[in-house]
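Quick notes on the structure that follows.
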Amino acid sequence: MEIMTDKANAAGTEDNIRPRLYEKIRELTEAAGRDLKACVVTFGCQMNERDSEKIRGTLRSAGYALTESEKEADLVIYNTCSVRENADVRVFGRLGYLHSLKDKKPALRIGLCGCMAQEERVREKIEKTYPFVDIMFGTHNISSLEGLLLKSLETGERAWDVRKEGSRIEEELPESRTYPFKSGVNITFGCNNFCTYCIVPYVRGREESRRAGDVLEEIRNLAAEGVTEVMLLGQNVNSYGDSEGMLTFPMLLKKVCEIDGIRRVRFMSSHPADLSDELIEVMGSEKKICPHIHLPVQSGSDRILKRMNRHYTKAHYIEITDKLRKAVPGIAITTDIIVGFPGETREDVDETIELVKRVRFDNAFTFVYSPRPGTPAADYPDQVPEDIVKKEFDRVLKCVQETARNEIKRHEGEVQEVLVEHLNEKDPSLVTGRLPDNTVVHFPGNESMIGQYLKVRLEKCEGFYYMGKREDDED
Ligand code: 5AD
Ligand code: SF4
């Protein structure tokens, strides 16, 4: 196995990697008498979704047709997540399935990238027990893919390039966007927060902000291509800071809102300790910023928050969410909650439940604590037994669901603007879109509506979504 480390070589700028790769794929396509197909499967967060768009773009430019079927594919790439153990387990399970496909189709190439590839533990396991994985690259170097793929196709040898250090800021990669009308845009990479349960700072590295000029140019280009909604992405967008111009996140948001053609601006994730009054003010004054904030709280217990290294208290969290509700009427507040953190007692969970009721979340993604090797909390001696975690998890989930159901209902009967995203997956006589506050709406429609902003009456709230009717259909 060879680990390539020379960026220029791997990135396709030296040794004519790109033309050689394109030629190789042309040859293989001709020999096969059909298009070669590539399948990129994403696990995990919005950052990974965005990276996958770049991976798909690179492969499409190289001559692959894209498919969603691993069975049809000549190249499968798993873009992985390590935030919780079950994501890991799923990937290893699916690699087993790919192995059986490769037995039937030996030319199949298999790649693994993303956060799991950044973990030494995982790389060792793949090296020893998954010899059929051909290509591996990390979150720092998507641009290595062309060189690695070329090497694998030319020699049949394993091609790996994973880096711990170095910038993850790679401008100008081709991309193949999932939606023509909306796009994620990275503004920061990595994280400096070191919450004691979280593996992200270890795999994604120290926080780095992109230059504001580059972010704005990317969004201007997206707008010119017909994108109307952007989601600014980072592990903690509130700590964004342009290295050249001392631009803060709220200042960047204002500049994004000035771009013609952009109608909706979203961002995620925010960290409660870094959420400034300046941001709240900008959210209140800029009409293009959607009235939604994803503000992970993790726990309502000050004792647990301290052990998690979160740098805020329950009272502070309540104070900022109160301010947000005042400044942005109708704002949807969503959150992440971890249940079963080491040392968590029934009383701590009661505090979390009380907070859920007080803040009235529109949704809360509730996770069972998963010890991640290498993080401080994984070594805490007071891990909570599984049966207790399960009971406490169910208690929190029940409260979250009841609260969210009541909250989301608040718009019933109103007419709101929906950005139509796709045909409904179960019933093609319906289309599915989102309200400014991110709630999903289904209503009768057709393919021609995709990408349009339509006025829809929110007739009935069905738990976490609305059934609606186009307003100008009514008479
Ligand atoms: N166990 C469970 N949930 C976790 N998260 C991060 N690390 C862990 C872990 N070790 C959750 C947090 C975070 C979300 C992205 O994933 O709630 O906000
Ligand atoms: Fe992980 Fe905390 Fe950073 Fe979020 S802020 S990525 S939970 S370390």
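Since the model is a prediction, treat every value here as computed from it, not as a measurement. Atoms within each ligand, like the ligands themselves, are counted from 1 in listed order.
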- If we only count N/O pairs under 3.5 Å, is D336 in contact with ligand 1? yes
- May I ask you to check if any N/O/S atom from C195 comes under 2.8 Å of atom 3 (Fe) of ligand 2? no
- Those atoms of ligand 2 less than 4.0 Å from some heavy atom in N193: 3 (Fe), 5 (S)
- Find all atoms of ligand 2 within a distance of less than 4.0 Å from any non-hydrogen atom belonging to H271, and give their numbers and elements. 5 (S)
- Message: I need the atoms of ligand 2 closer than 4.0 Å to a non-hydrogen atom of F194, numbered in the order shown.
- Response: 8 (S)
- What residue and heavy atom of the protein are closest to atom 2 (C) of ligand 1, and at what distance? V368 O, 3.4 Å
- For the ring pair F443 and Y466, is the centre-to-centre distance below 6.0 Å? no
- Message: For atom 6 (S) of ligand 2, what's the nearest protein heavy-atom neighbour? Residue, atom name and distance, please.
- Response: Q235 CG, 3.3 Å
- Message: At under 4.0 Å between heavy atoms, is it the side chain or the backbone of P201 that contacts ligand 2, or both, or neither?
- Response: side chain
- Is the NZ or CZ atom of K314 both under 6.0 Å from the centre of the six-membered ring of Y317 and within 45° of that ring's axis? no
- Note on the structure: atom 1 (Fe) of ligand 2: closest protein heavy atom, distance to 0.1 Å, is C198 SG, 2.3 Å
- Backbone or side chain, does any N or O of R372 fall under 3.5 Å from an N or O of ligand 1? no
- Query: Taking the side chain as C-beta and beyond, is there a heavy-atom pair between F267 and I293 under 4.5 Å?
  - Reply: yes
- Check ligand 1 against I338 and write out every atom of the ligand that is under 4.0 Å from a heavy-atom position of the residue. 3 (N), 4 (C), 5 (N), 12 (C), 17 (O)
- Message: Checking a contact table here: which protein heavy atom is nearest atom 16 (O) of ligand 1, and how many Å away?
- Response: R84 NH1, 2.8 Å
- Query: Tell me: protein heavy atom nearest atom 1 (N) of ligand 1, and distance?
  - Reply: S370 N, 2.9 Å
